[in-house]
Amino acid sequence: MRSGVASLIGRPNAGKSTLLNRLVGTKVAIVSETPQTTRTRILGVRNVSGDGSGASRPGQIVFVDTPGIHRPLHRMNVRMVDLAVSTIGEVDVIVLVLDASTPRGAGDRFVLGLLDGVRTPVVLALNKIDRMAKPRLLPLIDHYRAQREFAAIVPLSALTGDGVSRLEGVILDELPEGEPLYPDDYLTDQPERVLVAETVREKVLHHTRAELPFSTAVVVDRFDEEAAVEPEAELAGDGSTRALAGRRDGGLLRLYCSIVVERPSHKRIVVGRSGAMLKRIGSEARADLERFFGARVFLDLHVRVREGWRESPRALRDLGLQG
């Protein structure tokens, strides 16, 4: 049996969060076409049986999704990039995720440069092959094979699942032998409050991506529950979420959230005419949360203006973006 930690690193919008969700088998990270969507490290656990899932033996892979590596313009972005880079020396396998459908550029070279001298096995995942012509793939593989030595180069599509099982097997073969690091039912280290906040933020990004790409955050002000959690689905003691955590047998969750924006004009965009945009965001987020928690959800959303929050150490600390 093998077990260990694999970090997903790469540029913004390379598809790391979509790949994490595909590998884990459920949605633990929000997804958006907007770059820099992921702001913190997100841990997701995959238990592999070794019975034809693409892996040669049983094991446990602890995936760490990281913010996209980019040139930071705000204190928030500096902390995001620091979080991503810091994982390079802390894991057993590094999975470099690149968007194979876009032209190579300086950003890709910069990320590759960060891995110079790294002794940790590096697997190159060429993502989004569903968006490119197949004759372009082999020359691209040859190009990256000439850049450095990779443990493996795996073309895949996180969206369709093509090639993902092979990536899983390659990663598992690079992990050390050992017992699982987490219980079988452990899913993610994201507390329920964070999952709620991120679900709401995903809907905000989806509906306002052209106007508010980066200046929005979501805070859960209250999390009230009117039904007990089933004993076999209790939360882990550290507040993390297990595979069955949060699955209520009916009941009602009352969730009160604040959508934080930087300017009054941003607030008008999120609220929309006669509150239509905010209602749409709330309706879609509530539907996702009801599926995840297995309970009815009352979701109350308010929009607050907090100028300069991306430069505020206190605001970033409240949002989990520690220094």
Side-chain angles (χ1 to χ4, degrees), residues 6-23 29-44 63-91 93-118 120-132 136-137 139-148 150-160 163-164 167 171 198 201-202 205 209-210 213-215 310 321:
S7 177
L8 307 178
I9 70 167
R11 295 181 62 197
N13 217 27
K16 299 182 297 298
S17 295
T18 302
L19 180 58
L20 174 68
N21 292 336
R22 174 71 66 172
L23 287 162
I30 66 171
V31 177
S32 169
E33 294 183 0
T34 303
Q36 303 170 32
T37 298
T38 301
R39 291 175 174 170
T40 63
R41 287 191 287 191
I42 301 173
L43 182 149
F63 290 103
V64 180
D65 185 20
T66 63
I69 298 174
H70 60 284
R71 185 168 68 90
L73 299 177
H74 296 274
R75 186 188 297 267
M76 179 188 73
N77 301 76
V78 171
R79 294 190 178 184
M80 288 164 56
V81 174
D82 286 347
L83 283 169
V85 175
S86 67
T87 65
I88 291 176
E90 301 174 350
V91 298
V93 178
I94 298 169
V95 182
L96 174 58
V97 183
L98 297 182
D99 184 348
S101 67
T102 60
R104 301 185 296 273
D108 295 319
R109 292 192 295 271
F110 176 74
V111 177
L112 276 170
L114 292 175
L115 302 177
D116 288 344
V118 172
T120 304
V122 179
V123 176
L124 177 60
L126 294 176
N127 192 22
K128 304 186 182 182
I129 60 171
D130 54 304
R131 298 185 178 182
M132 62 185 298
R136 291 178 48 207
L137 190 55
L140 189 63
I141 293 174
D142 290 339
H143 167 79
Y144 283 111
R145 187 173 285 133
Q147 303 303 305
R148 62 160 293 142
F150 291 99
I153 299 178
V154 182
L156 58 86
S157 169
L159 184 64
T160 67
V164 173
L167 175 67
I171 295 171
E198 289 291 88
R201 187 166 69 91
E202 180 183 56
L205 288 173
R209 57 191 177 197
F214 315 115
S215 59
R310 286 183 291 173
L321 291 168

Open item on the list: Checking Arg148 now: which residues fulfil side-chain hydrogen bond (donor to acceptor under 3.5 Å, both in side chains) with it, not counting sequence neighbours?
Closed with: none

TODO: Please name all residues satisfying side chain to side chain contact (heavy atoms under 4.5 Å, CB included) with Thr160, sequence neighbours left out, ordered by chain then number.
DONE: Asp130, Ser157, Asp162

Task: Nearest-0.5 Å distance that lies between atom CG in Asn21 and atom CD1 in Ile42 - done: 8.0 Å

Open item on the list: Once side-chain hydrogen bond (donor to acceptor under 3.5 Å, both in side chains) is applied, do any residues pair with Asp116, and if so which ones, sequence neighbours excluded?
Closed with: none

Open item on the list: Main chain of Ala14, side chain of Asn127: is a donor-acceptor contact present, judged purely on distance under 3.5 Å?
Closed with: yes

Task: Derivation and outcome, side chain to side chain contact (heavy atoms under 4.5 Å, CB included), residues Asp99 and Asn13 - done: CA-CA 8 Å; Asp99 184 348; Asn13 217 27; 6.0 Å; no

Open item on the list: Contact between Leu114 and Ile9 at the side-chain level, heavy atoms closer than 4.5 Å - yes or no?
Closed with: no

- [ ] Heavy atoms only: give me the nearest Leu96-Gly10 pair and the separation to one decimal.
- [x] CD1-CA, 4.2 Å

Task: Partners meeting side chain to side chain contact (heavy atoms under 4.5 Å, CB included) with Pro121 (sequence neighbours left out) - done: Ala151, Glu174

Open item on the list: I need the Ile129 CD1 to Leu159 CG distance, nearest 0.5 Å.
Closed with: 11.5 Å

Open item on the list: For Ile141 versus Leu126, what's the shortest heavy-atom pair and its separation?
Closed with: CG1-CD1, 3.8 Å

Open item on the list: Suppose we screen for side chain to side chain contact (heavy atoms under 4.5 Å, CB included). Which residues come up paired with Asp108, at least two apart in sequence or across chains?
Closed with: Arg11, Leu98, Arg104, Tyr144

Task: Partners meeting side-chain hydrogen bond (donor to acceptor under 3.5 Å, both in side chains) with Glu90 (sequence neighbours left out) - done: Arg41

Task: Partner residues of Val164 under the side chain to side chain contact (heavy atoms under 4.5 Å, CB included) criterion, sequence neighbours left out - done: Leu19, Arg22, Leu23

Task: side-chain hydrogen bond (donor to acceptor under 3.5 Å, both in side chains) partners of Arg136, counting only residues at least two apart - done: none

Task: Distance (rounded to the nearest 0.5 Å) between Asp65 CG and Leu43 CG - done: 10.0 Å

TODO: Check Ser7 against Val91 and note the closest heavy-atom contact, atom names and distance.
DONE: CB-CG1, 3.8 Å

Task: From Thr120 atom OG1 to Ile88 atom CD1, the distance as rounded to the nearest 0.5 Å - done: 9.0 Å

- [ ] Determine the minimum heavy-atom distance between Leu137 and Pro155, stating which atoms define it.
- [x] CD2-CB, 3.8 Å

